[in-house]
Amino acid sequence: QVQLVESGGGSVEAGGSLRLSCAASGSTDSISCMAWFRQAPGKEREGVATNYVVSGTTAYADSVKGRFTISRDKAKNTLYLQMNSLNPEDTAQYYCAAGGARVNNRIRYCSFGRYDYLYWGQGTQVTVSS
């Protein structure tokens, strides 16, 4: 079992920044991928950024590319999401997730699909006002 606890959400004005944290504990050696998802009211949960923990490879959704940065502190077993240039469309509940990697042509990668992640945090709210 893996436990994930997010923190760092809050309310900011458009153009502002926030940093989310996700502390992982338990059987973390079983994890290949960690990711951030978000869900706005009335919308599907969508993947925002992924981190392949074995190599540190990262990937981003087009909507956040260039503004958000995912990173991981191995020593602290903590995942981060630095969010800059926030806009009201970024308002959502943000979730940390952990799970295994997919394989395509022998290449391992982290999916943006929510059903590929087994472990989830409780979520943290981010609200961006215009």
Side-chain angles (χ1 to χ4, degrees):
Q1 289 289 329
V2 174
Q3 294 78 43
L4 303 172
V5 179
E6 301 103 333
S7 61
S11 297
V12 295
E13 293 185 348
S17 298
L18 282 173
R19 189 177 82 153
L20 306 182
S21 299
C22 171
S25 60
S27 303
T28 56
D29 288 346
S30 65
I31 296 171
S32 297
C33 292
M34 295 192 74
W36 288 98
F37 284 75
R38 66 185 181 185
Q39 187 166 17
K43 293 189 176 181
E44 294 287 320
R45 189 171 298 188
E46 62 172 351
V48 173
T50 67
N51 180 278
Y52 182 47
V53 300
V54 176
S55 65
T57 301
T58 59
Y60 299 89
D62 287 344
S63 58
V64 306
K65 205 171 289 185
R67 300 187 299 122
F68 290 11
T69 302
I70 188 171
S71 62
R72 179 172 173 263
D73 186 324
K74 293 182 181 179
K76 296 181 179 179
N77 242 338
T78 300
L79 185 75
Y80 301 98
L81 185 68
Q82 177 66 43
M83 304 184 294
N84 298 327
S85 301
L86 285 162
N87 58 62
E89 290 70 39
D90 296 316
T91 295
Q93 186 83 349
Y94 282 71
Y95 297 90
C96 175
R102 280 187 167 263
V103 180
N104 185 13
N105 290 332
R106 301 184 182 180
I107 296 175
R108 294 184 176 273
Y109 68 98
C110 297
S111 163
F112 279 87
R114 62 179 294 185
Y115 298 107
D116 288 322
Y117 292 84
L118 181 60
Y119 304 105
W120 292 86
Q122 81 286 356
T124 185
Q125 179 67 34
V126 171
T127 302
V128 185
S129 58
S130 57

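The structure presented is a predicted model; accordingly, all values stated were derived computationally and were not measured.
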Does W120 reach the side chain of V2, with side-chain heavy atoms less than 4.5 Å apart? no
Rounded to the nearest 0.5 angstrom, the SG-CG distance for C96 and L79 is 5.0 Å
When you look at CD of E13, are more than 12 heavy atoms from neighbouring residues, nucleotides or ligands closer to it than 6.0 Å? no
Intermediate values then yes/no, side chain to side chain contact (heavy atoms under 4.5 Å, CB included), R72 and V53: CA-CA 8 Å; R72 179 172 173 263; V53 300; 3.7 Å; yes
Quick one: closest heavy-atom pair of R102 and D116, and the distance? NE-OD2, 2.8 Å
Under 4.5 Å between any side-chain heavy atoms of R19 and Y80, yes or no? yes
Are the side chain of Q39 and the backbone N or O of E44 linked by a donor-acceptor pair below 3.5 Å? no
With a cut-off of under 6.0 Å to the ring centre and 45° to the axis, is R114 in cation-pi contact with F37? no
Yes or no on side-chain hydrogen bond (donor to acceptor under 3.5 Å, both in side chains) for T58 and N51, after CA distance, side-chain angles and deciding distance? CA-CA 5 Å; T58 59; N51 180 278; 6.0 Å; no
Once rounded to the nearest 0.5 Å, what's the spacing between atom OG of S55 and atom CZ of R108? 11.5 Å
Could you report the tightest heavy-atom contact between A14 and S130, atom names first, then the distance? CB-CA, 4.3 Å
State, with a plain yes or no, whether a side-chain heavy atom of T91 is found less than 4.5 Å away from one of V126. no
Report yes or no: is the cationic atom of R45 (NZ for Lys, CZ for Arg) closer than 6.0 Å to the six-membered ring centre of Y95, at no more than 45° off its axis? yes
Test item: T127 side-chain N/O and S11 main-chain N/O as donor-acceptor pair under 3.5 Å: no
Would you compute the distance between atom CD1 of I70 and atom SG of C110 and round it to the nearest 0.5 angstrom? 8.5 Å
Would you say the side chain of M83 lies within less than 4.5 Å of the side chain of L81, judging by non-hydrogen atoms? yes
Taking atom types as modelled, find out whether T78 and D73 have a side-chain donor-acceptor pair closer than 3.5 angstrom. no
Can you check whether I107's main-chain N or O pairs, donor with acceptor, with N105's side chain at less than 3.5 Å? no
Ignoring hydrogens, what is the shortest heavy-atom contact between S129 and P88? Give both atom names and the distance. C-CG, 4.4 Å
Is there a donor-acceptor pair closer than 3.5 Å between any side-chain N or O of R67 and the backbone N or O of S85? yes
Any side-chain heavy atom of W36 sitting closer than 4.5 Å to one from F68? no
When the side chains of residues 22-35 are checked against the rest of the protein, which donor-acceptor pairs come out under 3.5 Å, sequence neighbours left out?
residue, atom, partner, partner atom, Å
S25, OG, Q3, OE1, 3.4
T28, OG1, N77, ND2, 3.3
S30, OG, S27, O, 2.7

Rounded to the nearest 0.5 Å, what separates atom CD in Q125 from atom CD in E6? 12.0 Å
Taking the side chain as every heavy atom from C-beta outward, state whether R38 and L20 have any atom pair closer than 4.5 Å. no
Look at atom NZ of K74 and say whether more than 12 heavy atoms of other residues, nucleotides or ligands are closer to it than 6.0 Å. no
To check you understand the geometry: which heavy-atom pair defines the closest contact between F112 and A49, and what is its length? CE2-N, 3.9 Å
Taking T69 for its side chain and Q82 for its backbone only, find out whether a donor-acceptor pair lies under 3.5 Å. no
Are Y94 and V12 joined in one hydrophobic group, where the rule is that I, L, V, M, F, W and Y side chains link up if heavy atoms are under 4.5 Å apart? yes
Just do the side chain to side chain contact (heavy atoms under 4.5 Å, CB included) check on Y117 and T50 with the steps written out, would you? CA-CA 11 Å; Y117 292 84; T50 67; 3.8 Å; yes
